[in-house]
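The structure under discussion appears below in the form of structure tokens.
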Amino acid sequence: MDLRSYNIADLAPPDIQGYLEEKDIVMVPIASMEQHGPHLPLATDTIQADEITRRAAERAQVLYTPCVWFGYSPQHMYDAGGGTGTITVRSQVLLEVYHDVARSLIHHGFNRLVFVNNHGSNVKIIDPLLRRIRYETGAFVTLSKLYAERYLGLISDVMENPPEETPGWHSSELETAQVLAHDEQLVRMDRAVNQQVKKPDWFPDSFIKLDGAPEVEFQGYQYFLFPTDHADFTPSGVIGNPFRATAEKGETTYELYAEHLAAALEEFQKVPVEVHTREWRDRA
């Protein structure tokens with residue numbers, strides 16, 4: 001394979017055809033376009049998804065699509081007319097977009113699809129889509145979640161914020177570091193705030209919520225979920241302390257995530273796959 005890029009947008013049909021003679025796997029990065037506080041760009045999640053996918057693609061020599069930059073972000077809209085800039089897509093519409101991207105790729109000859117997600121709320125809606133693709137076509141399909149909220153995983157030794165300063169949360173240490181590693185000019189640390197969240201005012205007094213996860217604590221346990229908006233618990237949009245972020249940390253975490261994803265891609269290619277429905281006739 002003599003490819004100048006692993007992004008299919010940079011390639012022509014003969015390049016795709018040559019690749020498919022050797023491999024049948026492709027990645028689809030998905031993210032969001034949403035507020036990330038006063039110091040980070042709306043494209044933060046998209047930047048991260050692009051960086052991780054590109055780096056993994058180069059390691060594993062696997063193709064990927066351009067990022068689906070819009071996502072499921074209703075909780076990030078804030079007040080009407082407030083100008084926060086978030087673009088959210090209704091769940092049923094977004095799932096159809098993901099479905100159509102997948103069916104297009106399978107139609108062309110790809111048998112294995114890896115959605116590389118970098119926006120937590122996309123996970124809330126995507127299980128029906130993954131199952132639909134599998135049941136309709138027989139293709140191998142999976143989703144990666146290479147980010148850190150409550151679970152730091154691979155990057156726990158890189159982050160310095162203590163748990164109460166939520167290193168992996170929205171616009172905190174990790175996200176700020178990864179945008180710095182991508183392009184320092186996009187980060188306005190002069191606007192950054194250390195935002196410790198508050199419990200939503202409308203919660204019962206006995207319920208506790210101190211981060212952006214849907215789970216809420218009651219009597220020491222987390223058995224309840226509430227559809228909270230970010231404005232309910234963080235006026236700035238930030239969850240945590242971004243001031244320990246550095247470009248070096250961002251670069252290190254990108255490399256750790258990309259290496260992990262690349263290793264997984266190698267394993268995915270060993271799985272037996274039999275696509276029973278490739279042609280996508282219902283495409284208009």
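In this text, all values refer to a predicted model and were calculated from it rather than measured experimentally. Count residues from 1 along the sequence.
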*Report yes if some heavy atom in the side chain of I52 is under 4.5 Å from a heavy atom in the side chain of Y147; otherwise report no.*
no

*Do other residues, nucleotides or ligands put more than 12 heavy atoms under 6.0 Å from the CZ atom of R150?*
yes

*When you measure from the side chain of R191 to the backbone N and O of R188, does any donor-acceptor pair fall under 3.5 Å?*
no

*Could you tell me whether the side chain of R283 reaches within less than 4.5 Å of the side chain of S104, counting heavy atoms only?*
no

*Over all atoms of both residues, closest heavy-atom pair of S32 and S73*: CB-OG, 3.7 Å

*So how far is it from N7 CG to D50 CG, rounded to the nearest 0.5 Å?*
8.0 Å

*Got a second to check how far L105's CG is from D100's CG, nearest 0.5 Å?*
11.0 Å

*So, the side chain of Y19 versus the backbone of I25: is there a donor-acceptor pair under 3.5 Å, distance only?*
yes

*Derivation of the side chain to side chain contact (heavy atoms under 4.5 Å, CB included) call for Y64 and Y6*: CA-CA 6 Å; Y64 66 99; Y6 291 101; 4.0 Å; yes

*Is the charged tip of K209 near the ring of F226: under 6.0 Å from the six-membered ring centre and within 45° of its axis?*
no

*Spell out, yes or no, whether W280 and V275 are grouped together once hydrophobic residues are joined by side-chain heavy atoms under 4.5 Å, including indirect joins.*
no

*side chain to side chain contact (heavy atoms under 4.5 Å, CB included) between E34 and H230: does it pass, once the steps are laid out?*
CA-CA 11 Å; E34 65 184 29; H230 264 229; over 6 Å; no

*asked:* By the side-chain hydrogen bond (donor to acceptor under 3.5 Å, both in side chains) test, which pairs, at least two apart or in different chains, include something from residues 78-87?
replied: none

*asked:* Quiz question: by atom type and distance under 3.5 Å, do the side chains of T246 and K249 form a donor-acceptor pair?
replied: no

_Heavy atoms from other residues, nucleotides or ligands near CD of E274 exceed 12 (cutoff 6.0 Å)_ = no

_NE2 on H108 to CG on L20, rounded to 0.5 Å_ = 10.0 Å

*Do V28 and Y98 have side chains that get closer than 4.5 Å, going by heavy atoms?*
no

*Got more than 12 heavy atoms from elsewhere within 6.0 Å of CG, D190?*
yes

*asked:* So, taking the atom named CG in L154 and the one named CG in L256, what distance separates them when rounded to the nearest 0.5 Å?
replied: 6.0 Å

*List the atom of P162, the atom of P167, and the distance in Å for their closest heavy-atom pair.*
O-CD, 3.6 Å

*Give me the ring orientation class for F140 and F268: parallel if the planes are under 30° apart, tilted from 30 to 60°, perpendicular past 60°.*
tilted

*Which pair of non-hydrogen atoms, one from N118 and one from A49, has the smallest distance, and what is that distance?*
CB-CB, 3.8 Å

*From W202 CH2 over to D232 CG, what is the distance, rounded to the nearest 0.5 angstrom?*
6.0 Å

*Determine the minimum heavy-atom distance between Y254 and H182, stating which atoms define it.*
OH-CB, 4.3 Å

_Quick check on the hydrophobic clustering: are V193 and F243 connected, directly or via other members, by side-chain heavy-atom contacts under 4.5 Å?_
no

*At their closest point, which heavy atom of T53 faces which heavy atom of P29, and how far apart are they?*
OG1-CB, 3.5 Å

*Please tell me if the side chains of M27 and V62 come closer than 4.5 Å, counting only heavy atoms from C-beta onward.*
yes

*asked:* Give me the atom names and distance for the closest heavy-atom approach of L42 to H36.
replied: O-ND1, 4.3 Å

_Donor-acceptor check, side chain of D183 to backbone of Q185, threshold 3.5 angstrom: yes or no?_
yes

*Which residue pairs pass the salt bridge (charged side-chain N to carboxylate O under 4.0 Å, His left out) test when at least one of the two sits in residues 103-120, sequence neighbours left out?*
D24-R112, R103-E136

*asked:* Please tell me whether W169 and V216 are part of a single hydrophobic cluster in this structure, the criterion being side-chain heavy atoms less than 4.5 Å apart.
replied: no

*Check whether any side-chain heavy atom of Q61 sits under 4.5 Å from a side-chain heavy atom of E58, and report yes or no.*
no

*For G37, does its backbone N or O pair with a side-chain atom of S236 as donor and acceptor, under 3.5 Å?*
no

_Residue of the set I30, I125, T88 for which side-chain contact (heavy atoms from CB on, under 4.5 Å) holds with L94_ = I125

*State whether a side-chain donor-acceptor pair under 3.5 Å links S171 with H39.*
no

*Would you call R90 and E96 a salt bridge, using N to O less than 4.0 angstrom?*
no

_Separation of K145 NZ from F115 CZ (nearest 0.5 Å)_ = 15.5 Å

_Same cluster (ILVMFWY, side-chain, under 4.5 Å), M77 and V93_ = no

_Derivation and outcome, side chain to side chain contact (heavy atoms under 4.5 Å, CB included), residues L265 and V114_ = CA-CA 8 Å; L265 292 170; V114 181; 3.9 Å; yes

_For the backbone of P41 and the side chain of T44, can you confirm whether one donor and one acceptor N or O come within less than 3.5 Å of each other?_
yes

*Mind checking whether T228 and P214 have side chains closer than 4.5 Å, heavy atoms only?*
no

*So, D15 side chain and A12 main chain: donor-acceptor pair closer than 3.5 Å or not?*
yes

*Is a donor on one side and an acceptor on the other found under 3.5 Å between the side chain of E173 and the backbone of E160?*
yes

*Report yes or no: do Y151 and L261 belong to one cluster of Ile/Leu/Val/Met/Phe/Trp/Tyr joined by side chain heavy-atom distances under 4.5 Å?*
no

*L63 and I16: side chain to side chain contact (heavy atoms under 4.5 Å, CB included), yes or no, with the steps?*
CA-CA 9 Å; L63 292 188; I16 308 295; 4.0 Å; yes

*asked:* Donor-acceptor pair, distance only, cut-off 3.5 Å: does the side chain of K199 make one with the backbone of D205?
replied: yes

_Please determine whether the number of non-hydrogen atoms from other residues, nucleotides or ligands lying under 6.0 Å from atom NE2 of H99 exceeds 12._
yes

*asked:* Counting C-beta onward and ignoring hydrogens, is there a side-chain heavy-atom pair between D45 and E175 closer than 4.5 Å?
replied: yes

*For the side chain of N117 and the backbone of L143, is there at least one donor-acceptor N/O pair under 3.5 Å apart?*
no

_Heavy-atom side-chain contact between L40 and T176 under 4.5 Å_ = yes

*E267/K270 salt bridge by N-O under 4.0 Å criterion*: yes

*Is it true that E266 and R59 have a side-chain N and a carboxylate O under 4.0 angstrom from each other?*
no

*Ignoring hydrogens and angles, tell me if any N or O in the side chain of N122 forms a donor-acceptor pair with the backbone of Y72 under 3.5 Å.*
yes

